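Not measured: the values here are computed from a predicted model.
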Amino acid sequence: MYTTPFELAGGAYVRARGFGAGLRASGIIDAYYPPPSLFLELNRRLTDNNSCTPRIEMEVKAAVNVRYVAVEERLPENLAPVDIGSGGIWDPLERVIRWGPFLGGAVPELGYRLLGLEGDHPLAGWASFDGSGVPLPGDGRVIIPSDCGRVEAPVFDPPYGTFAPVTVTITTATAGSETRYTIDGTDPTRGSPRYTGPFPIAEKTLVKARTFRDDLYHSEVVTALYEYRYIPGMQQRTVVDAGDCSSDVSIQIDPIDGIRSYGFEESLSFGLFPQDVSAGGRWDQKQRSIKWGLFNDDRPREVPYKITGRVGTYHVEGVGSYNGLNEVTSGDRWVSITSCSAPQETVVTPTLSSSSEGEVPLWVTIESATIGAVIRYTTDGSAPDKQSPVYTLPLQVEGSLVLRAKAFKTGMVPSEVVTASYLPPEPPGITYDGILLDDRSCSVGVEISVIPGATANVHALEESLPLGLHPSEIVGGGIWNHQSRTIRWGPFSDAESRSVGYVHDFWNQTFDSHTGCPDPIRHRR
């Protein structure tokens with residue numbers, strides 16, 4: 001038990017721990033006191049402290065009887081060593097610089113420079129003499145001022161998540177810097193491969209990069225993962241302006257070996273129409289797409305067709321499906337209709353005798369100012385095409401209907417679509433009559449006749465009462481909701497007429513001096 005200071009004559013390793021009654025024992029502290037014969041001089045000295053690149057020098061002189069010496073300096077986060085002298089090796093994982101061992105006790109001048117982020121950073125080092133460790137005394141804190149810079153982080157192109165195969169480019173905004181990268185999952189150091197130009201990635205690869213400059217603290221580590229994606233096949237589109245209001249399109253389809261079946265389609269923008277579609281392609285006017293297949297083989301194909309339309313530039317998209325896996329068509333994606341030998345006129349858009357929303361029943365006529373135009377229409381909300389019914393006689397509209405019409409004429413561009421919505425008449429209103437039943441009863445009976453329209457499928461009724469009125473004797477299946485102060489009947493899933501009613505009593509009213517009730521009232525609405 002420690003009671004008074006004690007003297008150590010030689011090297012000793014002392015450990016201590018405190019104990020107290022009823023208390024948990026303290027942590028253990030230790031200290032090594034080497035014998036004086038191990039070293040002659042041991043010190044750490046900082047020069048240019050409080051600068052962006054402070055210099056650390058260490059003086060280590062061993063006694064004549066020491067066989068070997070090693071030195072280790074441990075650095076905190078946000079500090080990095082440069083210009084390490086005398087063969088020192090930096091271990092970035094352990095964050096340690098190691099020198100030696102130096103045989104025979106002869107230690108050269110040791111030193112290095114530091115780069116780092118703003119702050120006051122501690123240093124911790126040891127010297128080992130024949131295996132006996134001694135803490136490095138002297139300057140133990142490094143101050144990095146706030147005006148010191150840091151290298152800008154590198155940028156990957158293409159970015160994280162792009163599918164391989166790709167060619168990777170790494171750039172940084174800091175002039176005079178160099179970028180180091182790895183593909184084995186470790187963080188880059190100054191000893192990692194140097195980026196000198198774009199490099200290919202053919203399979204799933206994790207790339208890490210960090211940028212360095214001698215007078216600045218290195219950048220953070222930037223990561224990009226490039227996944228390999230299985231490509232079952234591909235389509236390459238080529239578009240050539242053919243003039244005379246058309247462009248030639250050719251699609252080269254190339255499935256990989258072993259594909260059992262595949263198909264593909266092209267989606268055209270509004271204003272474009274296909275011509276001379278080959279290989280059994282089918283034009284779907286509603287979906288505005290050409291569909292080919294299903295082909296039950298893995299044979300490559302080349303499929304040409306023409307596109308015509310109004311003068312302009314249009315976007316074209318395509319997708320192929322190989323064994324159920326989709327692949328987007330690459331290549332040319334824009335089609336230009338640049339010249340026409342004889343510009344086509346557009347059919348005048350039809351007009352409707354009742355073109356706005358209105359109640360039915362009614363008769364609707366459709367006309368176009370273009371002589372000889374054929375008007376086609378739909379009643380299901382879809383856009384009319386050349387397979388839609390032809391308008392010949394006025395149309396009788398008896399129920400809810402969305403009517404759309406479009407005019408066509410050979411040699412002319414079809415008209416725009418005209419649309420009108422027609423709604424059935426609203427169901428008849430509800431009659432309401434409230435009568436004071438008895439001058440002495442202080443209550444009013446209300447009878448309500450509900451007469452829905454003949455086309456009604458479901459109907460319901462709600463009566464709201466103000467504060468001071470309270471319903472009783474509710475008939476017709478009504479339900480009183482005290483919180484919302486409403487009586488609700490229904491819903492009734494029919495179009496039958498019915499009578500409902502209730503009696504309401506007066507509460508908290510000013511009473512008539514003769515009857516003791518409020519003045520007789522009669523409600524109508």
- Between Thr329 and Gln235: side-chain donor-acceptor atoms closer than 3.5 Å: yes
- Item | Within residues 367-380 or reaching into it, pairs that qualify as side chain to side chain donor-acceptor pair (under 3.5 Å) - sequence neighbours excluded | Asp380-Ser382
- Of Asp83, Asp215, Asp214, the residue whose pairing with Arg113 passes side chain to side chain donor-acceptor pair (under 3.5 Å): Asp83
- Message: Does the plane of the ring in Tyr181 sit parallel, tilted or perpendicular to the ring in Phe199? Use 30° and 60° as the thresholds.
- Response: parallel
- Query: Can you check whether Leu272's main-chain N or O pairs, donor with acceptor, with Arg288's side chain at less than 3.5 Å?
  - Reply: yes
- For the side-chain contact (heavy atoms from CB on, under 4.5 Å) test, which of Asp276, Val249, Val277 pairs with Lys306? Asp276
- All side chain to side chain donor-acceptor pair (under 3.5 Å) counterparts of Trp283, not counting sequence neighbours: Gln285
- Message: Donor-acceptor pair, distance only, cut-off 3.5 Å: does the side chain of Ser250 make one with the backbone of Thr238?
- Response: no
- Just by modelled atom types, is the Gly381 backbone N or O under 3.5 Å from a matching donor or acceptor in the Arg404 side chain? yes
- Query: Side chain of Thr205, backbone of Tyr226: donor and acceptor closer than 3.5 Å?
  - Reply: no
- ring-ring contact (aromatic ring centres under 6.0 Å, His included) contacts touching residues 233-253 (sequence neighbours left out): none
- Message: A side-chain contact here means heavy atoms from C-beta on lying under 4.5 Å apart; do Pro76 and Asn78 qualify?
- Response: no
- Item | Leu294 atom CG: more than 12 heavy-atom contacts under 6.0 Å | yes
- Item | Contact summary for Thr313 and Ser336, nearest pair of heavy atoms | OG1-OG, 3.5 Å
- Message: Whether the side chain of Asn49 engages the backbone of Ile143 through a donor-acceptor N/O pair (distance < 3.5 Å, no angle test) should be reported.
- Response: yes
Could you list the donor-acceptor pairs under 3.5 angstrom formed by side chains in residues 218-225, with sequence neighbours left out?
unit_1: His218; atom_1: ND1; unit_2: Arg210; atom_2: NE; d: 3.4
unit_1: Ser219; atom_1: OG; unit_2: Thr211; atom_2: N; d: 2.9

- By ring pair (Phe, Tyr, Trp, His ring centres under 6.0 Å) - contacts of Trp292 (at least two apart): Phe264, Tyr305
- Message: Would the distance check show the side chain of Asp48 and the main-chain N or O of Thr53 forming a donor-acceptor pair, the cut-off being under 3.5 Å?
- Response: no
- Return yes if some donor-acceptor pair links the side-chain N/O of Arg190 with the main-chain N/O of Arg180 below 3.5 Å, else return no. no
- Query: Counting distance only, does the side-chain N/O of Lys286 pair as donor-acceptor with the main-chain N or O of Ala383 below 3.5 Å?
  - Reply: no
- Query: Do any N or O atoms from the side chain of Lys204 and from the backbone of Ala164 form a donor-acceptor pair under 3.5 angstrom?
  - Reply: no
- Exercise: identify the closest heavy-atom pair between Ser497 and Ile451: OG-CG2, 3.7 Å
- Query: Within a reach of under 6.0 Å around CD1 of Ile183, are more than 12 heavy atoms found that belong to other residues, nucleotides or ligands?
  - Reply: no
- Task: Apply ring pair (Phe, Tyr, Trp, His ring centres under 6.0 Å) to Phe163 and list each qualifying residue two or more places apart in sequence or on a separate chain.
- Result: none
- Evaluate the side chain to side chain contact (heavy atoms under 4.5 Å, CB included) criterion for residues Tyr262 and Arg301: first the C-alpha distance (whole Å), next the side-chain angles of each, then the deciding distance (0.1 Å), finally the verdict. CA-CA 11 Å; Tyr262 69 94; Arg301 286 175 169 81; 2.6 Å; yes
- Query: Is the CZ atom of Arg260 crowded by more than 12 outside heavy atoms at less than 6.0 Å?
  - Reply: no
